[in-house]
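This one's a predicted model, so the numbers in the text were calculated from it and none came from an experiment.
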Amino acid sequence: MNISKYTKRLIACCTLWFTCTSLHAVPHVTGLAAKMRSGQVILTWDEDSTVEGITYQVFASPHPITPEKLENAYKVGQHIEAGSACDWWQNPASFQADAPSDRSHGFIIDGIELDPASGLFVHTVTPKDPDEMYFAVLPSNASATHIQMGANSLATPIKTHVAPPQPIQLKAAPASGSASGKSLTLVLHGLGGGRDPHNTSNFLLFGDARQGWRQGLARKFTVTSNSEGIIIEPRDWMWIGRPLLHSKDPRDHALAINTWWYGCNDRIYDAKEALNGVVVNYTEEHLLYLVRWAQKEYGTDPNKTHIKGLSMGGSGAISMGFHHPETFATIFSSVPIVAYTKRAGIDGKSNLPLLNALCGRTCDETVMTNEGISIIERMNSERIAREHIGDLPFLVFSNGRNDRPIPWINNPPFYHALNEAKRGFVSYWNNGGHDMWKSVPDDVTNYYTSQPIQLNKSYPAFSNNSTNRKPGNGSRKDGDATGWINRGLYWSDVIETADRWQISLHARGDFLPSKLTLDLTPRNLQKFKIMPNEILLVNGQQQQASSTGTLTVNGVTIHKGAPTHLHIQRL
């Protein structure tokens with residue numbers, strides 16, 4: 001059968017019309033349902049005729065959302081990808097761009113697995129929300145005319161209430177209240193870790209608006225326990241839904257990124273929008289939530305909250321602890337980055353590109369946070385050590401001078417800042433690389449076991465220790481190849497009242513000489529509050545406090561094998 005040229009043209013035009021219509025087709029949203037759970041509204045819906053690149057937005061209102069009333073509703077969610085009920089944590093392609101995609105798992109909510117091809121959004125109720133709420137879900141290319149009551153718009157409201165969101169338990173976990181009065185430790189993993197390939201996480205949380213660039217982003221974490229208390233291992237992955245190709249690190253080219261335990265650009269969902277966004281501390285807010293939740297759920301003692309980490313986790317532990325000294329008593333950090341600078345490491349590169357992903361664009365001094373300072377300044381622990389007014393958590397950390405990912409050149413200035421500001425810390429380094437943490441001496445690794453520290457107890461900060469090794473100027477050719485600062489120093493028998501503070505000091509370890517001298521500053525004082533310029537008695541000798549209300553006792557001598565007693569009291 002012959003087809004005329006006019007018929008061919010007609011077929012071509014119809015094909016073009018169908019193609020254009022499909023590209024602009026509006027996906028159908030049906031079966032919108034809502035249920036209330038622990039201060040959160042869980043919305044689910046069915047999707048079909050999904051067009052590639054289309055996302056969804058969620059509207060809320062105290063009144064039914066009809067086509068005529070949509071303009072009176074307020075948007076609570078946007079840039080929600082198709083198939084948002086899919087548990088992206090179980091999809092290898094979320095973490096690695098060239099990994100096979102597996103979208104066969106849906107999120108499990110209270111024992112029920114959702115259809116991974118359906119939609120999901122979780123709204124955390126705020127005090128500004130009405131007691132009864134209506135919701136509607138629209139594709140990003142839809143208009144008010146696509147509102148259909150009973151399909152993509154709730155026909156009846158859901159009663160809401162404000163309450164702390166509760167994580168969803170997925171697997172066996174320690175019993176509620178089982179750690180009353182015990183410690184809580186957050187353990188932060190390194191870059192690329194925490195993917196949970198074997199699906200061992202026992203809790204799932206849909207974060208509120210403070211915990212992600214949009215509310216309802218899924219976080220997973222693992223809770224275990226030991227004789228000391230509760231251990232929480234969070235997972236520093238945030239769903240982005242697009243590859244961040246501006247980053248040279250292929251780990252950022254998948255659909256979820258590491259946030260360096262800080263946060264990310266508030267417009268990271270779009271490459272152009274991100275140029276005008278600011279970096280927000282979403283992950284820090286998530287970690288603070290976990291602390292508050294564990295204290296209530298397990299009864300952990302707020303004075304015994306600790307944080308530790310390795311590599312990126314070690315960097316996050318210092319940054320988190322330094323920015324929230326009211327929360328954490330101690331920090332244990334292995335091979336951390338203490339500052340992000342243009343200083344070149346042994347491979348001739350700086351560490352600034354490591355922040356490209358969370359910045360949403362190439363990181364430099366112009367990338368700002370929502371706190372009004374640059375991200376580089378915000379994450380500079382050397383600056384905080386020097387400038388912070390008040391006490392910081394006691395810090396124990398280690399680094400390798402030949403660590404390629406962690407430029408050694410940034411470390412000596414941090415050591416000097418800690419010493420000059422008279423912070424409580426112990427540091428150790430050697431000539432190793434990024435895996436040097438495996439060879440850190442036991443007395444450093446187990447420091448907190450032998451020297452428990454709490455938020456409600458004072459401690460001594462040591463400075464200008466005569467046994468300190470020299471870290472050098474940042475060059476690998478300068479300073480001691482293996483060294484430490486304040487290693488082998490311990491204390492006991494702390495007595496603190498409103499009128500006196502006394503302590504016994506000890507020096508232990510074959511690496512120490514028989515006698516050493518140092519300066520000592522009482523830190524984290526609870527009852528013995530020192531007034532600016534106050535005259536005090538130190539072992540019977542008068543000494544004046546500084547204008548900021550701190551007292552440093554110079555030239556304290558400690559002998560190995562015998563305690564040194566120090567008494568400070570008011571006149």
Side-chain angles (χ1 to χ4, degrees), residues 26-48 50 54-88 106-140 142-170 203-212 214-219 239:
V26 176
H28 295 293
V29 175
T30 59
L32 177 62
K35 79 169 187 176
M36 193 70 195
R37 184 189 189 279
S38 302
Q40 295 183 311
V41 180
I42 298 176
L43 297 170
T44 56
W45 62 87
D46 297 321
E47 302 169 358
D48 64 294
T50 301
I54 294 297
T55 59
Y56 295 84
Q57 48 197 341
V58 179
F59 297 87
S61 173
H63 309 291
I65 303 176
T66 63
E68 299 77 20
K69 297 293 184 180
L70 178 61
E71 63 180 14
N72 297 325
Y74 55 99
K75 189 180 294 184
V76 293
Q78 60 182 337
H79 303 287
I80 305 163
E81 71 285 353
S84 50
C86 174
D87 184 353
W88 59 268
F107 281 113
I108 297 175
I109 299 178
D110 296 331
I112 300 175
E113 183 174 356
L114 303 180
D115 177 1
S118 64
L120 168 68
F121 179 75
V122 179
H123 170 67
T124 301
V125 181
T126 71
K128 295 182 179 180
D129 288 329
D131 295 335
E132 291 189 343
M133 298 182 70
Y134 291 85
F135 291 89
V137 177
L138 280 178
S140 57
S143 64
T145 59
H146 294 92
I147 293 288
Q148 292 183 320
M149 297 295 294
N152 63 352
S153 182
L154 292 182
T156 57
I158 180 170
K159 294 184 181 296
T160 64
H161 62 272
V162 176
Q166 295 299 307
I168 298 163
Q169 186 170 332
L170 303 174
F203 283 98
L204 164 68
L205 174 73
F206 295 101
D208 60 21
R210 295 172 299 177
Q211 299 181 43
R214 72 162 172 85
Q215 63 169 320
L217 292 179
R219 301 269 195 170
W239 176 260

Report task. Measure the acute angle between the ring planes of Phe206 and Phe107, then classify it against the limits of 30° and 60° as parallel, tilted or perpendicular. Result -> perpendicular
Query - Heavy-atom side-chain proximity of His123 to Val58 below 4.5 angstrom - result: no
Requested in this report: May I ask you to check whether over 12 heavy atoms, not counting those of Gln57, lie within 6.0 Å of atom CD?
Outcome: yes
Query raised in the report: Picking from Asp208, Thr124, Thr160, what satisfies side-chain hydrogen bond (donor to acceptor under 3.5 Å, both in side chains) with Gln40?
Result: Thr124
Report task. Give a yes or no on this: more than 12 heavy atoms of other residues, nucleotides or ligands lie within 6.0 Å of atom CG of Asp115. Result -> yes
Query raised in the report: Side chains of Pro27 and Tyr56: closer than 4.5 Å at any heavy-atom pair?
Result: yes
Report summary line: Heavy-atom nearest pair, Phe59 first then Ala73, reads CB-CB, 4.1 Å
Report summary line: By side chain to side chain donor-acceptor pair (under 3.5 Å), Glu132 pairs with (sequence neighbours left out) Lys159
Query raised in the report: How far does NZ of Lys69 sit from CE of Met149, to the nearest 0.5 angstrom?
Result: 12.0 Å
Requested in this report: For Ser140, check side chain to side chain donor-acceptor pair (under 3.5 Å) against everything at least two apart and list the hits.
Outcome: none
Query raised in the report: So, Ser84 side chain and Leu120 main chain: donor-acceptor pair closer than 3.5 Å or not?
Result: yes
Query raised in the report: Where do Ile65 and Leu70 come nearest, in terms of heavy atoms and distance?
Result: CG2-CD1, 3.9 Å
Requested in this report: Determine, using ring centers only, whether Phe121 and Phe135 are less than 6.0 Å apart.
Outcome: no
Report summary line: What one should report as the nearest heavy-atom pair of Tyr74 and Met133 is OH-CE, 3.4 Å
Query raised in the report: Would you say Glu47's side chain and Gly83's backbone share a donor-acceptor pair under 3.5 angstrom?
Result: yes
Query - Close side-chain approach of Ile108 to Leu170, heavy-atom, < 4.5 Å - result: yes
